[in-house]
Amino acid sequence: MGTKREIIIPEGMEILYEKYRYCPGVKVGDTLYIAGQVGRDENMQVVEGTEAQFDQTFKNVEKVLSAAGATFDDVVEMITYHVVDPAVEDQQDLKIPHLPLFIQVKDRYFTKNFPTWTGVGIMALSTPGLIVEIKCTAVLGS
């Protein structure tokens with residue numbers, strides 16, 4: 001019979017399922033898998049400003065968590081994808097931009113029960129102007 005699979009679609013994120021054909025979250029048993037969230041508002045517009053985009057990205061993760069009955073305290077793994085400057089000529093100079101600011105914003109949401117975290121530098125995301133994507137896994141009640 002297997003474990004029940006529950007689709008998580010928070011209010012305001014229906015377009016992701018209806019138009020783009022993916023689920024913001026999928027809950028299997030006590031585990032919640034959150035699709036990569038980015039700094040877009042409910043109108044699918046990219047949020048301007050580095051800190052504002054980081055904050056919106058975490059707010060979007062929070063929406064999925066809340067819709068599943070979870071909080072940031074339940075997150076056990078976070079993977080972040082950061083757009084790097086492709087104009088860097090020397091690979092030695094390649095780094096994740098705005099990392100100290102990202103950590104400051106992250107720390108507003110994760111205040112205890114810190115998850116594992118993997119940060120990855122990439123060349124681009126799905127929409128021009130996006131600078132970060134956050135993917136999480138949570139275990140409810142953890």
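Bear in mind that the values here come from a model prediction, so they are computed numbers and not experimental data.
Across every non-hydrogen atom of Ile96 and Val84, the tightest pair is CA-CG1, 4.3 Å. The minimum heavy-atom distance between Pro128 and Val46, with the atom names listed, is O-CG2, 3.8 Å. When all heavy atoms of Asp55 and Arg108 are compared, the closest pair comes out as OD1-NH1, 4.1 Å. Closest approach of Met44 to Ile15, counting heavy atoms only: SD-CG2, 3.6 Å. When every heavy atom of Glu11 is checked against every heavy atom of Lys63, the shortest pair comes out as O-NZ, 4.0 Å. Across all non-hydrogen atoms, the minimal contact from Gly36 to Glu133 is CA-OE2, 3.3 Å.
Criterion: ILVMFWY side-chain heavy atoms under 4.5 Å apart, direct or through other members. Under it, Leu130 and Ile79 are part of a common hydrophobic cluster. Note on Val61 and Ile103: same hydrophobic cluster, where clusters join Ile, Leu, Val, Met, Phe, Trp and Tyr whose side-chain heavy atoms are under 4.5 Å apart, directly or indirectly. Clustering ILVMFWY residues whenever any of their side-chain heavy atoms sit less than 4.5 angstrom apart, transitively, puts Leu32 in the very cluster that holds Tyr22. Hydrophobic clustering (side-chain heavy atoms under 4.5 Å, transitive across Ile, Leu, Val, Met, Phe, Trp, Tyr) keeps Val139 apart from Tyr33. By the criterion of side-chain heavy atoms lying less than 4.5 angstrom apart, applied directly or through intervening Ile, Leu, Val, Met, Phe, Trp or Tyr residues, Leu16 is not grouped with Leu125; the two fall into different hydrophobic clusters.
Annotation for Tyr17: atom OH does not count as buried by contact number, only 12 or fewer foreign heavy atoms lying within 6.0 Å.
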task = Let me see the working for Met13 and Val64 under side chain to side chain contact (heavy atoms under 4.5 Å, CB included), right down to the final yes or no.
result = CA-CA 9 Å; Met13 292 189 176; Val64 181; 3.9 Å; yes
task = Run the numbers on His82 and Thr80 for side chain to side chain contact (heavy atoms under 4.5 Å, CB included), then give the verdict.
result = CA-CA 6 Å; His82 304 260; Thr80 59; 2.8 Å; yes
task = Could you walk me through whether Thr50 and Leu101 pass the side chain to side chain contact (heavy atoms under 4.5 Å, CB included) test, one step at a time?
result = CA-CA 9 Å; Thr50 302; Leu101 178 59; 3.8 Å; yes
ask   = Taking it one step at a time, do Val26 and Ile8 satisfy side chain to side chain contact (heavy atoms under 4.5 Å, CB included)?
value = CA-CA 6 Å; Val26 175; Ile8 306 297; over 6 Å; no
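Glu77 places no side-chain N or O within 3.5 Å of a backbone atom of Thr137 that could act as its donor or acceptor partner. Judged by distance alone, with hydrogens and angles left aside, the side-chain atoms of Gln53 form a donor-acceptor pair with the main-chain N or O of Gly129 at under 3.5 Å. Side chain of Asp74 to main chain of Thr71: a donor-acceptor pair is present (N/O by atom type, distance under 3.5 Å, no hydrogens or angles). Listed for the Asp41 side chain is a donor-acceptor partner under 3.5 Å among the backbone atoms of Asn43.
Under the 4.5 Å side-chain criterion, counting only non-hydrogen atoms from C-beta, Glu51 is not in contact with Gln56. Side-chain atoms of Pro10 and Pro24, non-hydrogen and from C-beta on, do get closer than 4.5 Å to each other.
Residues passing the salt bridge (charged side-chain N to carboxylate O under 4.0 Å, His left out) test with Lys135: none are found, sequence neighbours excluded. Residues satisfying the side-chain contact (heavy atoms from CB on, under 4.5 Å) test with Phe58, not counting sequence neighbours, are Phe72, Met78, Phe102, Val105, Lys106, Tyr109, Phe110, Ile134.
Under the side-chain contact (heavy atoms from CB on, under 4.5 Å) test applied with Leu65, the options Asn60, Leu140, Asp73, Val75 reduce to a single match, Val75.
A salt bridge between Glu48 and Arg40 is absent, with no side-chain N of the basic residue lying under 4.0 Å from a carboxylate O of the acidic one. A salt bridge is absent between Glu42 and Lys59; no separation between the charged side-chain nitrogens and carboxylate oxygens falls under 4.0 Å.
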